[in-house]
Colleague: 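What follows is a structure written as structure tokens; I'll ask about it next.
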Amino acid sequence: MIISKSAFTVGRVLLASLFVISGIFKIIDFSGTVGYMGSLGIPVPTVAVIVTILVEVGAGLLLLTGSRFARPAALLIAIFTVGATLAAHRFWAVDAAAMQGQLTHFLKNVSIIGGLLIVWSVKPADE
């Protein structure tokens, strides 16, 4: 049940915009993103960046437009964000100076995952 369809739509668009914009920037700086993923110890970073772009831009656009695939896209992005968070924001493994920043990013991503799960859990009336 959606109490306010317009608020739900705005929230969905705002959530999706984070991923679409992030994916576009990864396309623009593809080699830099590959280098960054390599520095995190991600195996086959070039393939990882391609998959990341497909999820962020592809699933992000499905979520943004509210297509009939928006709910599965939200779930896919949520699962993707779990992996990205565990790979990139390991606050437990950094020095004290970097710990607060990484913890903030980790918790921000946990909140985003929560929002994506809310979107996934709401079945529109027309489905």
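Values in this document were obtained by computation on a predicted structure and should not be read as measured data.
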Colleague: Working to the nearest 0.5 angstrom, can you tell me the gap between Ile42 CD1 and Thr52 OG1?
Modeller: 8.0 Å
Colleague: Under 3.5 Å, is there a donor-acceptor pair between the Ser22 and Lys26 side chains?
Modeller: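 Ser22 vs Lys26: donor-acceptor pair found between side chains.
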Colleague: Hey, are the side chains of Ile77 and Trp120 touching, using non-hydrogen atoms and a 4.5 Å cut-off?
Modeller: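 Counting from C-beta outward, Ile77 and Trp120 never come under 4.5 Å.
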Colleague: Using the rule that two of Ile, Leu, Val, Met, Phe, Trp, Tyr join whenever any of their side-chain heavy atoms come within less than 4.5 Å, decide whether Leu15 and Val82 are in one cluster.
Modeller: no
Colleague: Please report the shortest heavy-atom distance between Gly60 and Ala16, naming the atom on each side.
Modeller: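 Where Gly60 meets Ala16 most closely, the heavy atoms are O-CB, 3.4 Å.
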Colleague: Less than 4.5 Å apart, side chain to side chain, heavy atoms only: is that true for Leu18 and Glu56?
Modeller: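 A side-chain contact under 4.5 Å is absent here.
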Colleague: Same cluster or not: Leu40 versus Val34, using hydrophobic residues (I, L, V, M, F, W, Y) connected whenever any side-chain heavy atoms lie under 4.5 Å apart?
Modeller: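 They do share one cluster, since a chain of ILVMFWY contacts under 4.5 Å joins Leu40 to Val34.
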Colleague: Taking C-beta and beyond as the side chain, do Phe8 and Val119 meet within less than 4.5 Å on heavy atoms?
Modeller: yes
Colleague: Tell me if a side-chain donor or acceptor on Arg71 pairs with a main-chain N or O of Val122 at a distance below 3.5 Å.
Modeller: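 At least one qualifying donor-acceptor pair exists.
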Colleague: I would like to know whether Phe30 and Ile53 meet side-chain contact (heavy atoms from CB on, under 4.5 Å); could you show each step before the answer?
Modeller: CA-CA 10 Å; Phe30 188 85; Ile53 290 168; 3.9 Å; yes
Colleague: What distance separates Trp92 CH2 from Gln102 CD, expressed to the nearest 0.5 Å?
Modeller: 9.5 Å
Colleague: Same hydrophobic cluster for Leu61 and Ile24, using side-chain heavy-atom links shorter than 4.5 Å among ILVMFWY?
Modeller: yes
Colleague: Nearest 0.5 Å, what's the OG1-NZ distance between Thr81 and Lys108?
Modeller: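 These two atoms lie 9.0 Å from each other.
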Colleague: Are Val13 and Val20 connected, step by step, through hydrophobic side chains (Ile, Leu, Val, Met, Phe, Trp, Tyr) whose heavy atoms are closer than 4.5 Å?
Modeller: yes
Colleague: Do you reckon Leu107 sits in the same ILVMFWY cluster as Ile112, going by side-chain contacts under 4.5 Å, direct or chained?
Modeller: no
Colleague: Would you say Phe25 has more than 12 foreign heavy atoms packed within less than 6.0 Å of its CZ?
Modeller: no
Colleague: Ring-plane angle category for Phe91 and Phe106, please: parallel below 30°, perpendicular beyond 60°, tilted otherwise.
Modeller: perpendicular
Colleague: Taking the side chain as every heavy atom from C-beta outward, state whether Arg90 and Leu86 have any atom pair closer than 4.5 Å.
Modeller: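 In short, these two side chains do not touch, never coming nearer than 4.5 Å.
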Colleague: Identify the heavy atoms of Gly38 and Pro45 that sit nearest to each other, and give their distance.
Modeller: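 That would be N-CB, 3.7 Å.
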Colleague: Please examine the side chains of Arg12 and Leu63, heavy atoms only from C-beta on, and report whether any two atoms are closer than 4.5 Å.
Modeller: yes
Colleague: Can you tell if the side chain of Val51 reaches within under 4.5 Å of the side chain of Phe80, non-hydrogen atoms only?
Modeller: no
Colleague: Can you tell me how far apart CD1 (Ile79) and CG (Leu116) are? Round to the nearest 0.5 Å.
Modeller: 10.5 Å
Colleague: Within the structure provided, determine whether Tyr36 and Val49 are in side-chain contact (heavy-atom separation under 4.5 Å).
Modeller: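 Tyr36 does not reach Val49 side chain to side chain.
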Colleague: Are the side chains of Leu117 and Leu75 in touch, meaning some heavy atoms are under 4.5 Å apart?
Modeller: yes
